[in-house]
2 protein chains.
Amino acid sequence: MNIGEASRASGVSAKMIRHYESIGLVPRADRQDSGYREYGPEDVHRLSFVRRARDLGFSLDRIRVLLGLWGDPSRTSAEVKALALTHIKELEEKARHLQEMADVLRGLSLACDGDGRPDCPIIAGLEAGPRPSSRPSRDLFPMPVDQAAKGKVLAP
Amino acid sequence: MNIGEASRASGVSAKMIRHYESIGLVPRADRQDSGYREYGPEDVHRLSFVRRARDLGFSLDRIRVLLGLWGDPSRTSAEVKALALTHIKELEEKARHLQEMADVLRGLSLACDGDGRPDCPIIAGLEAGPRPSSRPSRDLFPMPVDQAAKGKVLAP
DNA sequence: GTTGACCTTCCCAAGTTAGGAAGGTGCAGA
DNA sequence: TCTGCACCTTCCTAACTTGGGAAGGTCAAC
């Protein structure tokens, strides 16, 4: 089958299939006389594997490792599980981080009237910084936000 | 003060200060005779504002808007609050998404012995896909994971 | 004068996905 | 056979934020 059909069957766009081939994530596809890429069921299977791993937030680098384990008869489930647990930890860390940012902002928003006047605790919070001289009992910026803006979800 | 001191005072790296200037996020700094950038307290104040907004996950585009509101005496707190609430919604959506991915993966991990044998439900889950023919009572892939890999945390 | 810290501008990189240009191929119907 | 259309090829560009480094100018202290 051509790349278009393989794309539809695997859920990976043709663009991405070509890209994955170019970076060596998946092996170079056979070519037809025309130069068109030729795919078989096994190729689609592998592409679907990649797709699902992406859907679970694995980076391409980690998917590379997963594909290696997938095709390695002498792998141990311990290796796979370790990789998965590491990934889970990172996912939850990022989720927590995002939720913390949302919580801080919600705290500021609750204090904001949201009316026609310019006075706004949200602006004030951004302006005055994480540690205003007089602050409420619950610190609005409780954690070290130093590197707060660092994380990307899928491509850190 | 020079850019280095402004950087230390605001928490924004010199690299980033130059970049923010180049994209017009902050006004062009005055130059000394040497060509060095010259910063005053007001500039540091603005850079700190940007820094805190970044720490709360605002994109540079949104920070541009925030800076506009900040400096606009005729702003309404309603405008600010609306922007904040939109941002909170997005943050929480992304956090939820990440947590969902983690949950799915944790479900697979719990079923994995993690021993020396190759048999591994995690690999099987990736291989067999979101809807295996016979599946446990609790679907391991309950949500439409179609666009699961789309979100970036801070620069979507 | 020399050293070392600091500054300047400019180019390149990360990660993943997508859009488009310019041109070749394959197949159907008129 | 010709035309049209869908599909394919490769290559370039973009998004977003941050940082690394090169090559060279400036400033202060010694």
Side-chain angles (χ1 to χ4, degrees), chain A residues 1-26 28-39 47 50-64 87 90 94 97 101 146-156, chain B residues 1-26 28-39 47 50-51 53-64 87 90 94 97-98 101 146-156:
Chain A
M1 67 184 86
N2 284 345
I3 199 174
E5 201 178 340
S7 166
R8 266 164 261 134
S10 67
V12 181
S13 73
K15 278 279 202 208
M16 283 303 99
I17 295 176
R18 291 195 197 96
H19 180 61
Y20 292 162
E21 178 182 311
S22 82
I23 63 173
L25 184 69
V26 300
R28 187 164 193 283
D30 288 342
R31 304 300 163 123
Q32 306 166 28
D33 290 345
S34 58
Y36 286 16
R37 288 169 178 80
E38 170 70 36
Y39 295 90
L47 287 169
V50 172
R51 175 73 210 283
R52 290 183 205 105
R54 291 291 300 128
D55 285 347
L56 290 178
F58 284 98
S59 70
L60 294 189
D61 272 354
R62 244 170 219 168
I63 293 177
R64 211 181 283 272
H87 187 55
E90 290 176 9
K94 283 169 192 164
H97 180 201
M101 297 194 292
D146 244 278
Q147 308 248 326
K150 280 277 177 70
K152 305 253 179 88
V153 171
L154 297 167
Chain B
M1 67 185 86
N2 285 344
I3 200 174
E5 201 179 339
S7 166
R8 266 165 262 131
S10 67
V12 181
S13 74
K15 277 275 202 212
M16 282 303 98
I17 295 177
R18 291 194 196 96
H19 179 60
Y20 293 163
E21 178 182 311
S22 82
I23 63 174
L25 185 68
V26 300
R28 186 163 195 281
D30 288 341
R31 304 301 162 122
Q32 306 166 29
D33 290 346
S34 57
Y36 286 16
R37 287 168 178 81
E38 170 70 37
Y39 295 91
L47 287 169
V50 172
R51 175 72 209 284
R54 290 293 299 128
D55 286 347
L56 290 177
F58 285 97
S59 70
L60 294 190
D61 271 354
R62 245 171 218 169
I63 293 176
R64 211 181 283 271
H87 187 55
E90 289 177 11
K94 283 169 192 163
H97 180 200
L98 289 170
M101 297 193 293
D146 245 281
Q147 307 250 328
K150 279 277 177 70
K152 306 254 179 82
V153 170
L154 298 165

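To find a chain, count down the sequence lines: A is the first, B the second, and so on, and within it residues start at 1.
We find that CG of Asn2(A) is positioned 14 Å from C1' of dG24(C), with the value rounded to whole Å. For the pair Glu21(A) CD and dT9(D) C1', the interatomic distance rounds to 12 Å; values are reported in whole Å. Straight-line distance from the CD atom of Glu90(A) to the C1' atom of dG15(C): 14 Å, rounded to whole Å. The CD atom of Glu38(A) sits 17 Å away from the P atom of dT25(C) (whole-angstrom rounding). At whole-Å resolution of the value, CZ in Arg28(B) and C1' in dT9(C) are 12 Å apart. Distance Arg8(A) CZ to dC7(D) P: 6 Å, rounded to the nearest Å. As a whole-Å value, the separation of Asp33(A) CG from dC8(D) P is 17 Å. As rounded to whole Å, 13 Å separates atom C1' of dG15(C) from atom CG of Leu25(A).
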Next item on the list: Give the intermediate values and the outcome of side chain to side chain contact (heavy atoms under 4.5 Å, CB included) for residues Arg54(A) and Arg51(A).
Entry: CA-CA 5 Å; Arg54(A) 291 291 300 128; Arg51(A) 175 73 210 283; 5.5 Å; no

Next item on the list: Could you walk me through whether Met101(B) and Lys94(A) pass the side chain to side chain contact (heavy atoms under 4.5 Å, CB included) test, one step at a time?
Entry: CA-CA 12 Å; Met101(B) 297 193 293; Lys94(A) 283 169 192 164; over 6 Å; no

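Of the possible donor and acceptor atoms, none in the side chain of His87(B) sits under 3.5 Å from a partner among the backbone N and O of Arg62(B).
The only member of Ile3(A), Asp30(A), Asn2(A) that meets side chain to side chain contact (heavy atoms under 4.5 Å, CB included) when paired with Arg37(A) is Ile3(A).
Contact check, Arg54(A) against dT17(C): a side-chain N or O comes under 4.0 Å of OP1 or OP2. One finds a side-chain N or O of Ser13(B) lying less than 4.0 angstrom from the OP1 or OP2 phosphate oxygen of dG19(D). The shortest distance between the side-chain N/O atoms of Ser34(B) and the OP1/OP2 oxygens of dC7(C) is not below 4.0 Å. Residue Arg31(B) places at least one side-chain N or O closer than 4.0 Å to OP1 or OP2 of dT9(C). Here Arg37(A) does not reach the OP1 or OP2 of dC7(D): none of its side-chain N or O atoms lies under 4.0 Å away.
Candidate nucleotides dT10(D), dG15(C), dT17(D) were compared by shortest atom distance to the side chain of Asp61(A), and dG15(C) ranks first. Distances were taken from every side-chain heavy atom of Leu60(B) (C-beta onward) to each of dT17(D), dC8(D), dT8(C); the shortest belongs to dT17(D).
Positionally, the nearest nucleotide of DNA chain C for Tyr36(B) lies more toward the 5' end than for the other of Ile23(A) and Tyr36(B). A residue-by-residue look at Lys15(B) and His19(B) shows that His19(B) has its nearest nucleotide of DNA chain D further toward the 5' end.
Counting all heavy atoms, side chain and backbone alike, Ala14(B) lies closest to Ser7(B) at N-OG, 3.5 Å.
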